[in-house]
Amino acid sequence: MNNNIVIVGGGIAGLCAAIAFQHLGIQVKVYERSPEPTVAGAGIIIAPNALQALEPYGIAAQIIRAGKASESFHLLSEKGEMLTKLTVPSGSQKMYSIHRKDLHHLLLSALHPGTVEWGKECRVIQQDDHGVRVHFADGSIAEGSILVAADGIHSGVRKQLLTKDIYRYAGYTCWRGVVSSDGLPGLSEHFIETWGTKGRFGIVPLPHHQVYWYALVNAPPNEARYANFTAQDLLPIFEDYHMPIPGLLKKTEPHQIIHRDIADIVPLKRFYEKRIVFIGDAAHAITPNVGQGACQAIEDARVLADCIEQYSDIHEAFVQYDIRRRKRAVKISNLSWMLGKIAQSESSILTAGRNWIMRHTPKSISQNRVQDLYKFHY
Ligand SMILES: Cc1cc2nc3c(=O)[nH]c(=O)nc-3n(C[C@H](O)[C@H](O)[C@H](O)COP(=O)(O)OP(=O)(O)OC[C@H]3O[C@@H](n4cnc5c(N)ncnc54)[C@H](O)[C@@H]3O)c2cc1C
């Protein structure tokens, strides 16, 4: 295959794919619409399956060095009682939390200088038997043998190829913040998520005395009054929740909070179209309820590179990528969607029943699921 790969989108998926291709000696360019290497966002958890996928590139070791480790994820009631604990399988890596900007920097540093071209917004794509052509908003054009669409949940490449809208609002909206953990009584070392009838609240310690929190509340899509909510506005919703939740909200300044509605896309029926292949959120944006969106994007990147190395025929490489990735991505997407519905219940009767079941479910059942989730599937 004449390998000259064009990647549209320089998020986690696009950068990891570029790292994997360069590792194989394949020529690759990433075209990112942001004018500079900045990334909006708070913290992120990188699970053991993603670390396994990143191992050959030395990135796993860097995340382990730069991140904050936890062996378990604790699910609590609003009073702070343990509902269940999900622990990484024995012998596996731990989970690592890291600030998104640090992860972005780390991925960029692993690429050859000049791999990413900034300020390149893809507008139109063309493909024929010989290759792909990408037209950018600034009038420039890039050509390659194949195009990797890594342009996220609102993928313009996907919209050009598929007319059907597959964006699905989940029914809840999310605020995230990162603040200093100094002087915050009641902060656990573990990653925790609290499920109550008014909403969900997650607390994830980060390195350098920082803590990442997120709050999820049921809401109609694009609710105007939530767009400018501050952490103080969230306080009445979460003031009765266990410590340090109210303390975290009181500590968060308006500029430290970001908001977005939670959605996914119905995973594509096929992750490729002739010379174009989809990875990450462009292929299967997943609600964040199992913390796997980016981890699955990382698995995509590794498997796609493996397939391209293994099969000289592009079509065969894409078919194999699809076979190896789609079933798992769809399964996790469905699991995450269902878990979100259960977690966001506002009924006190239903949540009492749910919490009882969670407390009494044998550990082996939830651990089996975790075992599968946290294992990289080649
Ligand atoms: C609240 C929340 C919490 C989450 N927590 C976790 C977690 O803990 N662990 C986890 O694994 N996942 C998590 N996720 C999911 C994770 O953030 C995403 O799955 C991941 O960021 C997807 O990466 P991506 O590169 O596919 O897409 P994106 O990050 O959206 O990147 C797409 C890139 O393409 C660029 N782009 C878009 N259009 C164009 C264009 N026309 N031309 C050029 N460039 C373009 C964008 O600017 C962007 O840089 C969470 C998601 C949310 C919403």
Side-chain angles (χ1 to χ4, degrees), residues 6-18 29-51 53-54 63 67 70 73 95-100 103-104 107-108 116-125 134-138 140 142 147-160 170 172-177 191 193 200 202 204 206 212-216 258-265 278-301 329 332-333 336 340 373-374:
V6 170
I7 299 179
V8 173
I12 294 169
L15 296 182
C16 288
K29 274 270 184 194
V30 179
Y31 296 92
E32 165 57 47
R33 73 174 165 198
S34 302
E36 54 189 30
T38 51
V39 62
I44 189 162
I45 297 170
I46 300 299
N49 53 309
L51 292 174
L54 288 171
I63 293 175
S70 179
F73 205 101
M95 305 174 239
Y96 288 83
S97 63
I98 183 165
H99 201 295
R100 280 182 190 252
L103 178 63
H104 199 66
L107 297 176
L108 279 173
V116 183
E117 289 206 19
W118 305 98
K120 293 286 179 189
E121 184 180 341
C122 163
R123 282 277 170 85
V124 178
I125 44 159
V134 185
H135 298 255
F136 298 102
D138 63 3
S140 59
L147 184 149
V148 178
D151 51 345
I153 188 167
H154 300 289
S155 167
V157 177
R158 192 183 68 227
K159 285 177 190 158
Q160 253 194 73
Y172 36 96
T173 197
C174 179
W175 292 266
R176 286 174 282 173
F191 300 169
E193 191 170 287
R200 241 184 317 160
V204 179
L206 290 173
Y212 154 49
W213 63 261
Y214 55 88
L216 294 144
I258 51 176
H259 169 248
R260 83 181 241 187
D261 278 354
I262 297 299
D264 72 0
I265 64 158
F278 293 90
I279 63 168
D281 278 13
H284 50 62
I286 299 170
T287 52
N289 306 304
V290 289
Q292 278 286 323
C295 295
Q296 289 306 303
I298 291 168
E299 287 198 20
D300 288 348
I332 292 175
S333 172
S336 187
L373 199 62
Y374 288 166

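Each ligand, and each atom within it, is numbered from 1 in the order the structure gives.
Neither the backbone nor the side chain of Val39 has a heavy atom within less than 4.0 Å of ligand 1. Looking at Pro288 against ligand 1, only its side chain comes within 4.0 Å, counting heavy atoms. Of all the heavy atoms of Ala47, none lies under 4.0 Å from any atom of ligand 1, so neither backbone nor side chain is involved. At a heavy-atom distance under 4.0 Å, no atom of Gln296 approaches ligand 1. Proximity of His154 to ligand 1, defined as any heavy-atom pair under 4.0 Å, is not found for any part of the residue. In Ala13, the parts holding a heavy atom less than 4.0 Å from any atom of ligand 1 are both the side chain and the backbone. If you look at Phe136 next to ligand 1, there are no close heavy atoms at all, none under 4.0 Å.
Contact between Ile298 and Ala53 at its shortest, heavy atoms only, is CG2-CB, 4.0 Å. Annotation for Cys295 and Ala47: closest pair SG-N, 3.4 Å, computed over non-hydrogen atoms. Shortest non-hydrogen contact noted between Asn49 and Gln296 is ND2-NE2, 3.5 Å. Heavy atoms only, all atoms of each residue included: Ile153 and Ala263 are closest at CD1-O, 3.8 Å. Residues Gly14 and Ile279 approach most closely at N-CD1, 4.3 Å, considering heavy atoms.
The nearest non-hydrogen atom to atom 42 (N) of ligand 1, considering only Ala170, Cys122, Pro37, comes from Cys122. Among Glu32, Arg33, Arg176, the residue whose heavy atom lies closest to atom 39 (C) of ligand 1 is Arg33.
Protein heavy atom closest to atom 16 (C) of ligand 1, with residue, atom name and distance, is Ala294 N, 3.7 Å. Ile44 CG1, 3.5 Å is the protein heavy atom nearest to atom 7 (C) of ligand 1. Counting protein heavy atoms only, atom 31 (O) of ligand 1 is closest to Gly11 CA, 3.6 Å. Nearest protein neighbour of atom 34 (O) of ligand 1, counting heavy atoms only, is Gly9 CA, 3.2 Å.
Ligand-side atoms of ligand 1 in range of Ala150: 32 (C), 33 (C), 34 (O), range being under 4.0 angstrom from any heavy atom. Taking a cut-off of under 4.0 Å to the non-hydrogen atoms of Gly291, the atoms of ligand 1 that pass are 7 (C), 9 (N), 10 (C), 11 (O). Against a heavy-atom cut-off of under 4.0 Å, Glu121 is close to the following atoms of ligand 1: 41 (N), 42 (N). Near Arg260, meaning under 4.0 Å from any of its heavy atoms, are these atoms of ligand 1: 53 (C). Listed by number with element, the atoms of ligand 1 under 4.0 angstrom from any heavy atom of Tyr31 are 43 (C), 44 (N). Per-residue contacts place Asp281 under 4.0 angstrom from the following atoms of ligand 1 (heavy atoms of the residue considered): 18 (C), 19 (O), 22 (C), 26 (O). Per-residue contacts place Gly152 under 4.0 angstrom from the following atoms of ligand 1 (heavy atoms of the residue considered): 27 (O), 30 (O), 32 (C). Listed by number with element, the atoms of ligand 1 under 4.0 Å from a non-hydrogen atom of Gly280 are 26 (O).
The shortest N or O to N or O distance between Cys295 and ligand 1 is below 3.5 Å. By the 3.5 Å distance cut-off applied to N or O atoms, Ile45 is counted among the residues near ligand 1. The N/O atoms of Gly14, backbone and side chain alike, include none that comes under 3.5 Å of an N/O atom in ligand 1.
With hydrogens and angles ignored, the 3.5 Å screen pairs a side-chain donor or acceptor of Asn289 with a backbone N or O of Ser336. Between the side chain of Asp264 and the backbone N or O of Thr287 there is no donor-acceptor pair closer than 3.5 Å. The main-chain N or O of Thr38 is never found under 3.5 Å from a side-chain atom of Glu36 such that the two would form a donor-acceptor pair. No donor-acceptor distance shorter than 3.5 angstrom exists from the side chain of Asp151 to the backbone of Val8, with no hydrogens or angles considered.
Rounding to the nearest 0.5 Å gives a distance of 10.5 Å between CH2 of Trp213 and CZ of Arg176. Leu108 contributes atom CG, which lies 9.5 Å from atom CG of Leu103 (distance to the nearest 0.5 angstrom). The distance from the NZ atom of Lys120 to the NZ atom of Lys29 is 9.5 Å, given to the nearest 0.5 Å. The distance from the CD1 atom of Ile44 to the NE2 atom of His99 is 11.5 Å, given to the nearest 0.5 Å. Between Ile125 atom CD1 and Gln160 atom CD the span is 4.5 Å, to the nearest 0.5 Å.
Residue contacts with ligand 1 do not include Gly156, since none of its heavy atoms lies under 4.0 Å from the ligand. Distances shorter than 4.0 angstrom occur between a heavy atom of Arg100 and an atom of ligand 1. Heavy atoms of Tyr214 come nearer than 4.0 angstrom to ligand 1 in no pair at all.
Tyr172 carries Arg200 over the face of its six-membered ring, with the cationic atom under 6.0 Å from the centre and within 45° of the normal.
Tested against Val116, the residues Val30, Leu107, Ile7 include a single side-chain contact (heavy atoms from CB on, under 4.5 Å) partner, Val30.
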